[in-house]
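We name chains A, B, ... by the order of the sequence lines, and we start the count at 1 in each one. Basis for what follows: all heavy atoms, side chains included, without hydrogens, waters or symmetry-related copies.
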2 protein chains.
Amino acid sequence: MISVMIVDDDPFVSGSLKIILDNEPDIEVKAVANSGEEAVKLAPEVAPDVIVMDIRMEGMNGTEAAQKILENGSKAAVLFLTTFLDDEYINKALKIGAMGYIIKQDCGSLPSSVRAVASGQAVFGGKVVEKLPDLLNRKERFDPSEFDITPKELEVIGFVADGLSNKEIAEKMFLGEGTVRNMVSSILTKLDLRDRTQLACFYYQKMV
Amino acid sequence: MISVMIVDDDPFVSGSLKIILDNEPDIEVKAVANSGEEAVKLAPEVAPDVIVMDIRMEGMNGTEAAQKILENGSKAAVLFLTTFLDDEYINKALKIGAMGYIIKQDCGSLPSSVRAVASGQAVFGGKVVEKLPDLLNRKERFDPSEFDITPKELEVIGFVADGLSNKEIAEKMFLGEGTVRNMVSSILTKLDLRDRTQLACFYYQKMV
DNA sequence: CTTCGAAAATGACATATGTCATTTACAAAA
DNA sequence: TTTTGTAAATGACATATGTCATTTTCGAAG
C-alpha cells in the first residue's frame, strides 16, 4: 500500500486528486495539506511514501516546501504537479531532488506516476521531457557572426571561460602571449566588456 | 491492456523480462526481439504500446534501433534498459524521444514504469535523474560550509560572478577596496583557485 | 617580383589584481 | 577593567591584465 500526502492550495483540486487516488486499491491518501506550510508541518507525522504537490501555491511555494520537508529528513518521493512548463521550476525541482514533475491536465496517469515514483523511478510529463534535450544541449543564444567574432577568437573565449591565463592560452594555441592579449582585448571591445572575468560571465550566461 | 515488445540480445534477460511483465494482469508481451535489427522488422506488425529495449546490444544498438523504429512511424513509447549510467546514452536517448531510461537492476519497478510510460509520462531511474541537474546546467552541488566559506564571502563570490571589480564590490558592500581584495584572496585560497576569472567559472559550473 | 592586407608579434604603459605583513576597530569573554 | 579574537583596513610589492602604437611575417592578389 502506497501512502500519499496531497498538497494544493485549491481545495477543489486537492479534493479531486484525493478521489482519483483513493479509487486505486493500492494507494491510500493519508493527508491533504492546503498550503506549503501545512505540508511541512504534516510531513513528519504522516510520513507518506509519496507527496503529490502543486508547485505554484500562495505563500510558500512547492519547491520551497519540498526542500524543507526533505531537509527535515522525510524519505518521501516528491511528485510535482503544475499547469505550466517553466524551465525555472523544472530546474529547481530537479535540484532539490524531486522524483516527478507532471502536468495537471493528464491526471489520468497520476496513479501510475505515483506508483512509479514510489518504486524509485523518476517521472516526467511527456511535454516536460521534450524540453530536456534542448536544456541538455545548451543552445546558443548568441551569434558570434553578429559581433564579428572570428573562429580563433571563439576558441580564446572558450579558454578564458575555462579559467586559463593568457600565457596558458598562448601555449595551447601556439601563439605568443602578447597575441593572445591582443585577441582578448579585441574580443572585449567587440562584446563591450571590461575584463576577462566579465567575458567568462558572458560565456556562461549567453553562450553556453 | 498494454502491449509490449521486449528487445534484448541476451535471451536470458529477455526471457526474465517477459516473465516479469506477463505476470502483470494488464500487461501483455506481444513480441520478443533478440537484436536491434529484428526489433525494427517486428515493430510495424506488432505495433506495441511500449518497447522495452536494452541500450547496449551487438550490431545495431538500442538508440539506433529506436530511432529507426520511430522514424518508421511507430507510436510506441520506448523504455530503455541499461546497466550503465552513461551520459552519452542518456543524451542520445532523450534526443530521439525515448520515454524512459531505467536501470536493469531495479527491474522490480519495471511494471509500474511500463504503465507510466504507456500513459504518456517519462520515467527515469532514480540514479539517472540524479545526473539530470548536472547535465541540465553543469552544476554540481557545492557546500560552502565544506570550504569554510563565510556568508559575506559567498556574497563576494556572487559579485565576482557578475563581473564586478573589487572597487565596485567594495561600494556595494560598504567596505574598503583592500578588504574586498583580501576577501577574494581568501576565497581563492580556500577553493584552490588562482584568480577571479577562475572563481567566476567555478561559480557557474559548481554553484548557482 | 611587388604590393597588399590580415594575422601575429613586440614594446611600452597604466591599471587591476592577488599576496602578505601589519595595524586598527570593536565586541564578546574573562 | 583587561584580554582576546575576529572583521576590517592599510601599505607595499610582484604579477597579470588590457590598451595602444608599431613592426614583422607571410600568403594571396596584382
Side-chain angles (χ1 to χ4, degrees), chain A residues 140-208, chain B residues 138-208:
Chain A
E140 297 206 0
R141 305 171 279 199
F142 163 77
D143 181 6
S145 60
E146 290 251 5
F147 294 87
D148 290 318
I149 300 291
T150 69
K152 211 159 279 190
E153 285 174 337
L154 210 52
E155 204 183 345
V156 170
I157 295 177
F159 285 134
V160 169
D162 277 340
L164 301 191
S165 70
N166 290 330
K167 195 175 171 185
E168 289 166 334
I169 296 173
E171 284 169 11
K172 288 230 178 204
M173 297 181 68
F174 306 103
L175 295 175
E177 180 185 348
T179 308
V180 175
R181 236 199 304 219
N182 290 335
M183 292 178 77
V184 171
S185 183
S186 155
I187 294 167
L188 295 177
T189 303
K190 287 175 183 173
L191 297 182
D192 195 27
L193 300 171
R194 198 202 305 139
D195 53 50
R196 68 199 298 103
T197 306
Q198 289 192 344
L199 178 55
C201 300
F202 179 89
Y203 177 86
Y204 286 106
Q205 288 173 352
K206 302 288 175 65
M207 295 178 64
V208 183
Chain B
R138 303 239 172 119
K139 287 165 196 164
E140 288 173 19
R141 64 188 110 97
F142 161 78
D143 183 5
S145 61
E146 289 254 5
F147 294 87
D148 291 317
I149 298 292
T150 68
K152 210 159 282 191
E153 285 173 336
L154 212 51
E155 203 184 345
V156 171
I157 294 177
F159 285 134
V160 170
D162 278 341
L164 301 192
S165 69
N166 289 331
K167 195 175 171 186
E168 289 166 335
I169 296 174
E171 284 169 11
K172 288 230 178 205
M173 297 181 68
F174 305 103
L175 296 175
E177 180 184 347
T179 306
V180 175
R181 223 168 344 177
N182 289 335
M183 294 178 77
V184 171
S185 183
S186 156
I187 294 167
L188 294 178
T189 303
K190 287 175 183 173
L191 297 181
D192 193 30
L193 300 172
R194 198 202 309 140
D195 53 51
R196 70 201 296 105
T197 305
Q198 288 191 346
L199 177 55
C201 299
F202 179 89
Y203 176 88
Y204 286 106
Q205 287 173 352
K206 304 288 172 78
M207 301 171 64
V208 182

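- One interatomic measurement links the two molecules: CD1 of B:Ile187 to P of D:dA8, which rounds to 12 Å at whole-angstrom precision.
- The A:Ser185 side chain lies nearest to D:dT19 when the options are D:dG18, C:dT19, D:dT19.
- If you measure from atom CE of B:Met183 to atom P of C:dT17, you get 16 Å, rounded to the nearest angstrom.
- Checking the phosphate oxygens (OP1, OP2) of D:dG18, a side-chain nitrogen or oxygen of A:Arg196 falls inside 4.0 Å.
- B:Ile157 has its side chain within reach of B:Leu154: a pair of non-hydrogen atoms, C-beta onward, lies under 4.5 Å apart.
- For B:Glu168 (side chain) and B:Ser165 (main-chain N/O), a donor-acceptor pair under 3.5 Å exists by modelled atom type.
- Between B:Gly163 and A:Cys201, the shortest heavy-atom distance links the atoms N-SG, 3.7 Å.
- One interatomic measurement links the two molecules: CZ of A:Arg181 to P of C:dA16, which rounds to 16 Å at whole-angstrom precision.
- When atom types are taken as modelled, the side chain of B:Tyr203 and the backbone of B:Gly158 share no donor-acceptor pair closer than 3.5 angstrom.
- Counting non-hydrogen atoms under 4.0 angstrom, B:Gly178 reaches a base of the nucleic acid.
- Looking at A:Arg196, its side chain does come within 3.5 Å of a backbone N or O of A:Leu164 through a donor-acceptor pair.
- Residue A:Lys167 contributes atom NZ, which lies 16 Å from atom P of C:dA9 at whole-angstrom precision.
- Looking at the side chain of B:Lys152, the nearest of the listed nucleotides D:dA7, D:dT17, D:dG18 is D:dA7.
- A residue-by-residue look at A:Thr197 and B:Phe174 shows that B:Phe174 has its nearest nucleotide of DNA chain D further toward the 5' end.
- For C:dT10, the base has a donor-acceptor partner in the side chain of A:Asn182 [N/O atoms by modelled type, under 3.5 angstrom].
- Separating the CD atom of B:Glu177 from the P atom of C:dG18 is a distance of 11 Å, rounded to the nearest angstrom.
- Rounded to an integer number of Å, the gap from CG of A:Leu164 to C1' of D:dA16 is 14 Å.
- Taking atom NZ of A:Lys190 as the reference point, atom C1' of D:dG18 lies 16 Å away to the nearest angstrom.
- Comparing D:dT17, C:dA8, C:dG18 by their nearest atom to the side chain of B:Leu188 picks out C:dG18.
- Checking D:dA8, C:dA8, C:dT19 against the side-chain heavy atoms of A:Leu175 singles out C:dA8 as nearest.
- The side chain of B:Thr179 lies closest to D:dA8 when the candidates are C:dG18, D:dA8, D:dG18.
- Between B:Leu199 atom CG and C:dT19 atom P there is a gap of 11 Å when expressed in whole angstrom units.
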